[in-house]
J.: 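Let me give you the structure first, and then I'll get to my questions.
The figures here come from the full heavy-atom set of this structure, side chains too, leaving out hydrogens, waters and symmetry mates.
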Amino acid sequence: MKTHRPAPLLARVALACATLCAAMSAHAAAPAEHPQAVARALAHLQREAGPMAAQAGDSFVARDVLKDADGTEHVRFARRLQGLRVIGGDVVVHGDGRGALKGLSRTLARTPSVALSPSIDAVAAELAGLSAAGVTSGASVRSELVVYARGNRPQLAWDVLYTGRTVQGVPTEKHVIVGAHDARVLDAWDDIQHAAATGTGNSLFLGQIAVEADSQADGSFALRDTRRGNHAVFDLRGNFGGKGQLFVDADNVWGDGTKDNRQTVAVDAAAGHAYTWDYYLKVHGRRGIADDGVGATSKVHQSLFGLPWVNAGWSDSCFCMTYGDGDSSYWPVVSLDVAGHEMTHGVTSRTAALIYSGESGGLNEATSDIFGTMVEFYAKNPVDTPDYLIGERLPRDGSGTPLRSMVQPSVDGDSADCWYDGVGSLDVHYSSGVGNHVFYLMANGSQPTGGPASPTCQAGDTKVATGSALVKGVGRQKAEKIWYRALTVYMTSDTNYHGAREATLAAAADLYGGVGSKVWKKVNAAWAAVNVQ
C-alpha cells in the first residue's frame, strides 16, 4: 500500500485497488456460484442501446445473484466508468434464465459522460471536505476518484472517507463527496448508521427467555450462538469502541432482569440477534445479515468516554452491533425493534446499498424500521407486545413514548407523513416517515379493524397528513415479502420514493398475481395515500 504525504490533522492512507476489490468480493460470494447467470446478464448489458449503454472501457462487476423458483435471474452489478466507481450507477438485470431479458432496475437516467481529469488533487479534496466530516484530529482519511451520478448531472468527484471520531466523540466512517473541479461538497453520509434513538436467561425487555451458549473446556459457558453463525456478545465495560470482553458464565444462567446486572442487557443483545436471524431465515430464506451463514458480533455497555451513550448502532466495518447503556431518562438501548432495525442496515448494505442521504437515506432508515418491527411481530414475545412503534419500551418513565411511529410519523413533530418536493432535505430519520407510513397503509390499511387508524395524505399536505381516505391493506405477511423483494431485487443505491413505488409494484406483481391484481392495486393505493403516484 502506497503511503502519501499526511494532510493536516489527518493520517492519510491510500486506497489501493486491492483493498477495494477485496471488500467487494467479501460481499459478493454469490456471483461466483452462478457464472452462467452473470454471463447472460452481462450480455444483456452489452446489447443495451438505451440510456445505460456501455461505452468503451466501461465495466460492470457482479455484486449479487438471486434466482427465483421459476428460473428468473436477478443479477446486481456495480458500474465503473473508465475504471472509476460510479456512485449511483448500479443496475439489476432481470432475465428468464434462458437468455431472454425481462427488464432492468436502475436509477441512473443516462450513460455518464464526464471529463476524467480532476482539477484538484486528493489532498485538496480532503481539506475541502474536512468541515463537513466533523472529525477530530487523529482521524484517518483515504480518497478515491469516482463518478458521482446521483441526480441528473453525473460529474467527476472525490469520495473522501474520514474514519475516526466526531467532535462529540462518536465513532464515524464519514464519506464526503467533493467535486473534483470546484471542491464543492456534493453529498455526505456515514457508514456507521445509528438509530436516531435513545434507546431482552433473564432479560431487561423480554422476560425470561432461552439463550444459546457455547460450552467451554473448563466447564464454563460463553455467550456465543453456534446455531446462528457464532454470534457472540462482548462487554465494552464503559469504553467507547474496541473489542471488549466475551461474556462467560459458570452456570449458564444469565442476568437477573435488572440493569445493574451486567449480563442482563447481554441477554437482550443475544436475543435481538437470534430473533433477527430467525426472522430473515424463516420468512425470507436469508442466511444471516450477509446471506452467508456468518453471525454478527454484539457489544454492550458502551459509554461516551464515561458519559451516557443513549443510542445503538450497526457498523459494516466490524460487522457488529453496539448498544449504549442509556441514561436517567432512557433504559439501555437494547429493545428488540431497535436490534432488528440496526441489523437490517447490514442487510440493506449488502443488497440495494441505499445511500444514506437524501430520499434514499430516508428509505434506508424506513426499511430498518419496517423490518425491525417485523422482527418484533415474528418474536411474538408476551412481554413486548408487537406494534408499529419504534423504541416505545425505552423511556424510563413508562410513558411508552416511541422514538418513531409508523401509524402517523408526524406525531414526533419532525417526521414526514407525506411525500413532497424537498422531503429528501430532511434528516434521514425524519424523511423515513414516508416509507414507514406507506408500509403501515400497505399492510393494514388506513382504518384497520382492531388497530389504530392512520390519516392519509391529500393534495397540499407536506409533513402532516390531513386526509381520511379509505385504503385497504394487503396484510402484514404479504407486505413484508413485497418490501423484501423490492429491496433485494429492484431497488438500487439511489432509489427514491417514486422508485420505491415502482420496486414494490414490481415485487407485488411477481408475488401476487401480476400487474393489476388485487394486491398490486392495494399497494398502488397505499403509495397514492402518501402522495407518491
J.: Checking the side chain of D90 only, and the main-chain atoms of T492 only, is there a donor and an acceptor separated by less than 3.5 Å?
T.: no
J.: List the steps, then state whether side-chain contact (heavy atoms from CB on, under 4.5 Å) holds for V267 with N202.
T.: CA-CA 7 Å; V267 173; N202 296 304; 5.9 Å; no
J.: Report yes if some heavy atom in the side chain of M406 is under 4.5 Å from a heavy atom in the side chain of I370; otherwise report no.
T.: yes
J.: Minimum heavy-atom separation for S143 and E126, please, with both atom names.
T.: OG-OE2, 2.6 Å
J.: Quick test of your reading: applying salt bridge (Lys or Arg N to Asp or Glu O under 4.0 Å), list the pairs with at least one residue in residues 245-257, sequence neighbours left out, ordered by first then second residue.
T.: none
J.: Taking S131 for its side chain and A128 for its backbone only, find out whether a donor-acceptor pair lies under 3.5 Å.
T.: no
J.: Please name all residues satisfying side chain to side chain contact (heavy atoms under 4.5 Å, CB included) with D235, sequence neighbours left out, ordered by chain then number.
T.: R237, F247, R262, H301
J.: When rounded to the nearest 0.5 angstrom, what distance separates OG1 in T373 from CG in L389?
T.: 8.0 Å
J.: Walk me through whether D214 and T226 qualify under side chain to side chain donor-acceptor pair (under 3.5 Å).
T.: CA-CA 7 Å; D214 188 14; T226 58; 5.3 Å; no
J.: With A503, which residues qualify under side chain to side chain contact (heavy atoms under 4.5 Å, CB included), at least two apart?
T.: A486, Y490, M491
J.: For the residue pair Y323 and A339, what are the closest heavy atoms and their distance?
T.: OH-CB, 3.4 Å
J.: For A379, give me all partners under side chain to side chain contact (heavy atoms under 4.5 Å, CB included), at least two apart in sequence or on another chain.
T.: Y275, L336
J.: Side chain to side chain donor-acceptor pair (under 3.5 Å) between D397 and S399: does it pass, once the steps are laid out?
T.: CA-CA 5 Å; D397 62 7; S399 64; 2.8 Å; yes
J.: Quick check for you: to the nearest 0.5 Å, what is the distance between W419 atom CH2 and Y497 atom OH?
T.: 11.5 Å
J.: Could you check whether D327 pairs with R396 (Lys NZ or Arg NE/NH1/NH2 to Asp/Glu carboxylate O, under 4.0 Å)?
T.: no
J.: Roughly how far, to the nearest 0.5 Å, is the CG atom of D316 from the CH2 atom of W314?
T.: 6.5 Å
J.: Is R286 reaching over with its side chain to a backbone N or O of I289, donor-acceptor style, under 3.5 angstrom?
T.: yes
J.: Starting at OG of S215, measure out to CZ of R224 and round the result to the nearest 0.5 Å.
T.: 11.0 Å
J.: Does E173 reach the side chain of D190, with side-chain heavy atoms less than 4.5 Å apart?
T.: yes
J.: Under the side-chain contact (heavy atoms from CB on, under 4.5 Å) criterion, do R350 and D291 qualify, and how do the steps go?
T.: CA-CA 9 Å; R350 283 154 178 80; D291 199 20; over 6 Å; no
J.: Within the side chain of S360, is there an N or O that forms a donor-acceptor pair under 3.5 Å with the backbone of D494?
T.: no
J.: Are the side chains of T276 and Y378 in touch, meaning some heavy atoms are under 4.5 Å apart?
T.: no
J.: Donor-acceptor pair, distance only, cut-off 3.5 Å: does the side chain of R150 make one with the backbone of I87?
T.: no
J.: So does D159 pair up with R85, basic N to acidic O under 4.0 Å?
T.: yes
J.: List the steps and the verdict of side chain to side chain donor-acceptor pair (under 3.5 Å) for N364 and T348.
T.: CA-CA 7 Å; N364 188 319; T348 297; 4.6 Å; no
J.: I'd like to know if the side chain of D337 pairs up with that of S335 as donor and acceptor (distance under 3.5 Å, no hydrogens or angles considered).
T.: yes
J.: Check whether any side-chain heavy atom of N436 lies under 4.5 Å from a side-chain heavy atom of I390, and answer yes or no.
T.: no
J.: Mind listing the closest non-hydrogen atom pair of V86 and A149 along with its distance?
T.: CG1-CB, 3.8 Å
J.: Identify the heavy atoms of R63 and A353 that sit nearest to each other, and give their distance.
T.: NH2-CB, 4.0 Å
J.: Show the numbers, then the answer: is there a ring pair (Phe, Tyr, Trp, His ring centres under 6.0 Å) between Y356 and H345?
T.: CA-CA 10 Å; Y356 207 58; H345 280 309; 5.7 Å; yes
J.: Minimum heavy-atom separation for C418 to V423, with atom names?
T.: O-CG2, 4.2 Å
J.: Will you find, in the side chains of H498 and N496, an N or O donor that is under 3.5 Å from an N or O acceptor?
T.: no
J.: When the ring planes of Y280 and H284 are compared, do they come out parallel, tilted or perpendicular, using 30° and 60° as the limits?
T.: tilted
J.: Distance from S415 atom OG to Y430 atom OH, nearest 0.5 Å?
T.: 6.5 Å
J.: List the residues meeting side-chain hydrogen bond (donor to acceptor under 3.5 Å, both in side chains) with S454, not counting sequence neighbours, and say none if there are none.
T.: H437
J.: Which residues pass the side-chain hydrogen bond (donor to acceptor under 3.5 Å, both in side chains) test with E480, sequence neighbours left out?
T.: Y279
J.: Kindly indicate whether the side chain of R476, heavy atoms from C-beta on, has any atom under 4.5 Å from the side chain of F377.
T.: yes
J.: Would you please classify the geometry between the F371 ring and the Y484 ring as parallel, tilted or perpendicular, with 30° and 60° separating the classes?
T.: perpendicular
J.: Take I209 and N381, measure what side-chain contact (heavy atoms from CB on, under 4.5 Å) needs, and give me the verdict at the end.
T.: CA-CA 9 Å; I209 58 175; N381 184 271; 4.2 Å; yes
